[in-house]
Amino acid sequence: MTSHTSPSLADALAAGTVVLDGGMSNQLESAGHDLSDELWSARLLAERPEAVTEAHLAYYLAGASVAITSSYQATFEGFGKRGIGREEAARLLGLSVELARDAARKAQGAGVPRPLWVAASVGPYGAMLADGSEYRGRYGMSVDELERFHRPRMEVLAAAAPDVLALETVPDADEAAALLRAVRGLGVPAWLSYTVEGLRTRAGQPLEEAFGLAADADEVIAVGVNCCAPEDVRGAVEIAARVTGKPVVVYPNSGEAWDARARAWRGRTTFGAEQVKAWREAGARLIGGCCRVGPQAITGIAGALAA
């Protein structure tokens, strides 16, 4: 279950395709938890940790082999705004990894036979602002400033010994450059995943350039995209595979659109299990879903990839 007793995630990706989990927030909401809060699912680390374990467990039982922790929006700054000091914030960050490990133990106790891995989520700077700026990037900060923001949290997450750090929903190549610096020397591999629109980052940089930053980073075991429209995946996968030669990670949204004013999802889902085979042919090796993609969809992906 940990990298000590089973193949590393990098080895598994070299050997074939691995199924990722789906959206943490929609799984928690469908279980009745209110996430209308700036800390989002990170709030439950403090208030209802067992709910987080249950959400991870649902995905492992649905067919996922990798669970992404509920630390996306968990930052020292974000917790600080809520009066939670650094020591307690560090404990909660570490707890996010422990809860996912606990879910993996429970899944294996329930008869899941395959290796299970834990990815510690490192969300972008914009996630801490909780104003949607992770879908724009361009925060007006230097790469050095962004590295200083990310590194302390990444050190704490790495110390909790996840199998991989998920540097995810990155809107801007500048922020990716900061994350790639911050991950050096932590002793934990990482994947780098942009949120994109068409063949550009949300901040407007061409994906060739954005993925190119990770091509020579030894720590990075996969690159790709998440939290984007399913329609934008195929082209991004082809570019990521070509530019880096690394396995590609993809976990798009359901295809519905977020209405920020109403704080609700609109439209219909365009995500189907049949798409994942085309993504795999293009180079995707780590495949799951992001917002509004639940356990049922993950079971569909696992089935499609196994067929």
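- At least one donor-acceptor pair under 3.5 Å links the side chain of Gln205 to the backbone N or O of Ala173.
- Comment: Arg151 engages Glu155 in a salt bridge, judged by a side-chain N to carboxylate O separation of less than 4.0 angstrom.
- In the hydrophobic clustering, where aliphatic and aromatic side chains (Ile, Leu, Val, Met, Phe, Trp, Tyr) are joined below 4.5 Å either directly or transitively, Tyr125 groups with Met128, Leu129, Tyr139, Met141, Leu146, Phe149.
- Under the 4.5 Å side-chain heavy-atom criterion for ILVMFWY residues, no single connected hydrophobic cluster contains both Leu167 and Val143.
- Proximity of a side-chain donor or acceptor of Asn226 to a complementary backbone N or O of Val250 within less than 3.5 Å is not detected.
- Among all heavy-atom pairs drawn from Gly198 and Asp232, the shortest one is N-OD2, 3.1 Å.
- Once rounded to the nearest 0.5 Å, the distance linking CD of Glu98 with CZ of Arg91 reads 8.5 Å.
- The backbone N or O of Gly78 sits less than 3.5 Å from a side-chain atom of Thr75, completing a donor-acceptor pair.
- Shown here is Glu47, whose CD atom has more than 12 heavy atoms of other residues, nucleotides or ligands within 6.0 Å.
- When side chains are defined from C-beta on, Trp191 counts as touching Val66, because their heavy atoms get closer than 4.5 Å.
- Contact annotation: the side chain of Lys106 never approaches that of His56 to less than 4.5 Å [non-hydrogen atoms, C-beta and beyond].
- By the 4.5 Å heavy-atom criterion applied to side chains, Leu116 and Arg114 are counted as neighbours.
- Hydrophobic clustering keeps Tyr135 apart from Leu192 (ILVMFWY residues linked when any side-chain heavy atoms are closer than 4.5 Å, directly or through intermediates).
- In this structure the side chain of Val122 reaches within 4.5 angstrom of the side chain of Arg153, judged on heavy atoms.
- Proximity of a side-chain donor or acceptor of Thr195 to a complementary backbone N or O of Cys227 within less than 3.5 Å is detected.
- Nearest heavy-atom pair, Ala89 versus Phe76, reported as atom, atom and distance to 0.1 Å: CB-CD2, 3.6 Å.
- Residue Gln275 holds its CD atom at 11.0 Å from CZ of Arg234, rounded to the nearest 0.5 Å.
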### Message
side-chain contact (heavy atoms from CB on, under 4.5 Å) for Arg202 and Glu197? Distances and angles first, verdict last.
### Response
CA-CA 6 Å; Arg202 298 276 183 168; Glu197 204 160 355; 3.8 Å; yes

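- What you find for Leu305 and Arg280 is that their closest heavy atoms are O-NH1, 2.9 Å.
- A donor and an acceptor atom, one from each side chain of Ser133 and Asp131, are located under 3.5 Å apart.
- Residues Ser70 and Leu44 are not in side-chain contact: their nearest non-hydrogen atoms beyond the backbone lie 4.5 Å or more apart.
- Taking CZ of Phe271 as the start and CD1 of Ile301 as the end, the distance is 3.5 Å to the nearest 0.5 Å.
- For Gln296, the CD atom counts as loosely surrounded, since its 6.0 Å shell holds 12 or fewer non-hydrogen atoms of other residues, nucleotides or ligands.
- In this structure, OG1 in Thr53 is found 8.5 Å from CG in Leu57, a value given to the nearest 0.5 Å.
- Ser254 places no side-chain N or O within 3.5 Å of a backbone atom of Val293 that could act as its donor or acceptor partner.
- Residues Glu209 and Thr201 have side chains not in contact (no heavy-atom distance under 4.5 Å, counting atoms from C-beta outward).
- Side-chain atoms of Asp174 and Arg138, non-hydrogen and from C-beta on, do get closer than 4.5 Å to each other.
- Looking at Arg101, its side chain does come within 3.5 Å of a backbone N or O of Ala161 through a donor-acceptor pair.
- In terms of heavy atoms, Val220 sits closest to Ala214 at CG1-CB, 4.3 Å.
- A salt bridge is absent between Arg48 and Asp34: the closest approach of a Lys/Arg side-chain nitrogen to an acidic carboxylate oxygen does not fall below 4.0 angstrom.
- Taking CD1 of Ile221 as the start and CZ of Arg285 as the end, the distance is 14.0 Å to the nearest 0.5 Å.
- Counting all heavy atoms, side chain and backbone alike, Leu186 lies closest to Met154 at CD1-CB, 3.8 Å.
- Contact record, Pro171 with Arg136: CB-C, 4.3 Å, taken as the closest heavy-atom pair.
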Just list the side-chain donor-acceptor pairs under 3.5 Å for residues 10-24, sequence neighbours left out, or say none.
residue, atom, partner, partner atom, Å
Asp11, OD2, Ser8, OG, 3.3
Asp21, OD2, Ile68, N, 2.9

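- A search for side chain to side chain donor-acceptor pair (under 3.5 Å) contacts involving Glu134 returns Tyr72, not counting sequence neighbours.
- The distance from atom CZ of Phe211 to atom OG of Ser193, rounded to the nearest 0.5 Å, is 7.5 Å.
- No donor-acceptor distance shorter than 3.5 angstrom exists from the side chain of Asn253 to the backbone of Cys290, with no hydrogens or angles considered.
- Put simply, the side chain of Val225 does not reach to within 4.5 Å of the side chain of Pro252, judged on heavy atoms.
- Side-chain atoms of Ser96 never come within 3.5 Å of backbone atoms of Thr69 as a donor-acceptor pair (strictly under, hydrogens ignored).
- Within 6.0 Å of the CG atom in Asp144, the count of heavy atoms belonging to other residues, nucleotides or ligands exceeds 12.
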